Trainee: 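Here it is, the structure in full.
The model shown is predicted, which means the values in this text are computed figures rather than measured ones.
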Amino acid sequence: MDGQRTNATASGPTIRLVIVAALAILATTGALAQDHSAHASPMPGMPGMASAAPQSLWSHWQIIATVVTLIVLLVLWLVYRAVRPKWLHPGVLTGVALLLCAYFVTSYVVARYKRPGQMSVIEAQAMDMTAMRAPKGTVPVATEVLKRADFAPSVTYTGTVVAYTDQDVYPRVAGTIVSMPVYPGDRVTAGQLLVRLDEAELSAREREAQWMHESARRAKTTSEREAGMATASRRQAEAEVAKSQQEVKVMQRDADAAAAMVREASREIDRAERNVETSREELGGAEAAREAMQAEIRMAQEALTTAQADIDSAQADVAYWDEEIKREKQLLDVGAVSTEEYQREDAAAKAAHAKLAQAQSTVAERKQAVSAAEARSKQAAADVAAARKRVAAMEAERDKAQAGRERAQADAEAAIARVDQAKAEVRAAEGMRDEKAAGVQAASARVGEAQANVSQQAAGLAVARTVRGYTEIRATRAGCVTQRLVSPGVLVSPGNPILRVAEISRVRLQAYVAEDDLKLLHLGDRVEAASPKLPGGKLEAQITSIFPASDPATRTSTVEAVVDNAGYGLFPGDAVAMRLFGAPQAHVLTVPNSAIVMRTEAKSGPSSGQEPTVWLAAAGTADSAAKPTYTCPMHPEVRSGKPGICPKCKMDLVPEKAVPGAAAKPMYTCPMHPEVRSDKPGICPKCKMDLVPEKTSVGGAVKVARQVAVTLGATDGMRTVVLTGLREDDEVIVKGHENLHEGDAVFAVPWGDQGPLELPPAPAMGEASEGSEGSTH
């Protein structure tokens, strides 16, 4: 009894602990379930979210937590009764039970007595502020009604002023600058003196060159007199040579005549040789033909022998079959053989007779062939004999021609000997003439040397005078001095620049244009250049050059316009704003660039793109859309004017108004959680605030925001051409569209640089509180 009493005493605290914890959990669960059921009746399920009602999820969670807690406490009590570990003290269990009771009681108090709209710290941090938006009908926007008009696309770049021509002035000789009468900013004309160098040393060199030039001229005169005497002696020798050459010509004519006779005899020999060869070829052909005819005779005789053998064989067959037919006839008459057998034997006998006749015909043909071949052989033998006679005649003619050529050859050799003797006499005369000519050449060479020396000294004198002229550096063209690199008194040398002169009466305006903009521009297109240094602040020009090369680093090309700069208002290096105009486009729709919104396209693939869109203010109400609106079942804040994919969970968007006539019913939403929507009044399950009607109109007629995709064309930096997606008289939202959603009611108001200048009129109070009795807002 004492042991039982002790066990009962020891287990008393544990049992009390379990009972207290169970009662606290049950009480808290019942209170929460009652409180939630009281508020759940007016709150309908959201479209597509019926399985996620917050009240049902909370009650189930409380039941599961209660069961798990009771099971854990029961297991701990059983462990304590069976093992009694030191760490499982009754005080520990009591503390855990009290903590659980405190947690459930606190949860109940917070859920029961929290004010509408009040959030905990965790709820406030987890709240998606980007999903919040103002109630429909209160969005102020700036709009523009589209009209077709002419449009000139343009791009604006910062350009640089470049001199039309830019020249560095270099000295061509070394010297000290003694004078520099120009200064940066001075205007110079072509031929104007820019720099003067010290010329004392160069003047001395010029005088030395003058003296050497005079000495060369005197030496040239002496050489010319000697050359005249040598020329007279050469003329006398040339006369002797001419006489000897005349004699050579006479002898040469005789030699040429003898050589002509030799050549004629050689030609006769060649003709005779060719005739001999031709006759021999004819003889060879005739002999070959005779041999062929003899071969043909032999073949014909062999064929005749074969044919005669065939006749003998055929005659033997005929004799056999004649006897056989007689015997068969006798047998047929006595009936020893049948008629059919007799007919076969008779057919074979007839065939033997036919074969004999054919062999006899063949023998006749072969005999005729042998006769024809023998006749042709006789004719070929006659041709051979005639050919041999012609060969003998041609050989006789050839021997005769060879004898004539030998006689002509002897005459030619004698004439050549006489010519050689005359040429020897000419060579002797020419030797004398050449000797005299060598004297003339020597004298002429001395004259040439003297003339070259004179020319050399004249060139040296000209160089000296020219170099002395280099001490004065003059402008090659009109321009303006932009920089003086050295000062007077400085020793300069070739390669060191002294001045920089630029022609800036005309200047080049150059801009580096991107590839996408370059395709809009052409030579002759209008350019508007702006600079505070220009009269009136800007000037008009035309594109004069588009450089056919791109910078590989920036992918830009240079576009240039040449403009007049008579007043020197622009300096090289100045920056100008260049607005480059493309070809004008007639009767097109344009929108301000501020109206264009880039929308991320949701795609089923891994990639996504940016799509240009424009917000329209379409006629209608906030609840009657011109197009169906699509939303995500899991993220109702995601809405679109066309089917697509939710960017958050990648589920397909479904039509928001799937039930006919649903658009006519008022929709209620939470001001703090616009994704919470219902077709009945109720309480927001997130912040416990009363739902308010979505329909808020101004005067009963509103305009609804609609986002449409467009195709863009050229731009001028402020407006862009819209090729597709918009029509004339469409009202485009140009400002205030940053937080718009598809179907939002908008109100056009005046707009300034800082935002709307006034707000749209507030909705009627009755509309704001319709169907929300007991609202605490």
Trainee: Can any side-chain N or O of Ser550 pair as donor or acceptor with the backbone N or O of Pro552 at less than 3.5 Å?
Mentor: no
Trainee: Could you go through the salt bridge (Lys or Arg N to Asp or Glu O under 4.0 Å) check for Arg235 and Glu238 one step at a time?
Mentor: CA-CA 5 Å; Arg235 290 196 186 100; Glu238 287 177 348; over 6 Å; no
Trainee: Between Glu728 (side chain) and Leu589 (backbone), is there a donor-acceptor pair under 3.5 Å?
Mentor: no
Trainee: Could you tell me which residues satisfy salt bridge (charged side-chain N to carboxylate O under 4.0 Å, His left out) with Asp168, sequence neighbours excluded, listed by chain and number?
Mentor: Arg500
Trainee: Using modelled atom types and a 3.5 Å cut-off, is there a donor and acceptor pairing between side-chain atoms of Asn565 and backbone atoms of Ile504?
Mentor: yes
Trainee: Any side-chain to backbone donor/acceptor pair from Tyr164 onto Val562? Under 3.5 Å, distance only.
Mentor: no
Trainee: Would you say the side-chain atoms of Arg719 pair up with the backbone N or O of Thr590, donor to acceptor, closer than 3.5 Å?
Mentor: yes
Trainee: Do side-chain atoms of Asp716 reach the backbone of Ala152 as a donor and acceptor pair under 3.5 angstrom?
Mentor: no
Trainee: Please check this pair: side chain of His737 against backbone of Ser594, looking for a donor-acceptor N/O pair closer than 3.5 Å.
Mentor: yes
Trainee: Applying side chain to side chain contact (heavy atoms under 4.5 Å, CB included), can you list everything that pairs with Ser179, at least two apart in sequence or on another chain?
Mentor: Pro181, Arg196
Trainee: With Glu540, which residues qualify under salt bridge (charged side-chain N to carboxylate O under 4.0 Å, His left out), at least two apart?
Mentor: Arg526
Trainee: Taking Ala216's backbone N and O only, do any of them form a donor-acceptor pair with Asn453's side chain (distance below 3.5 Å, no angle check)?
Mentor: no
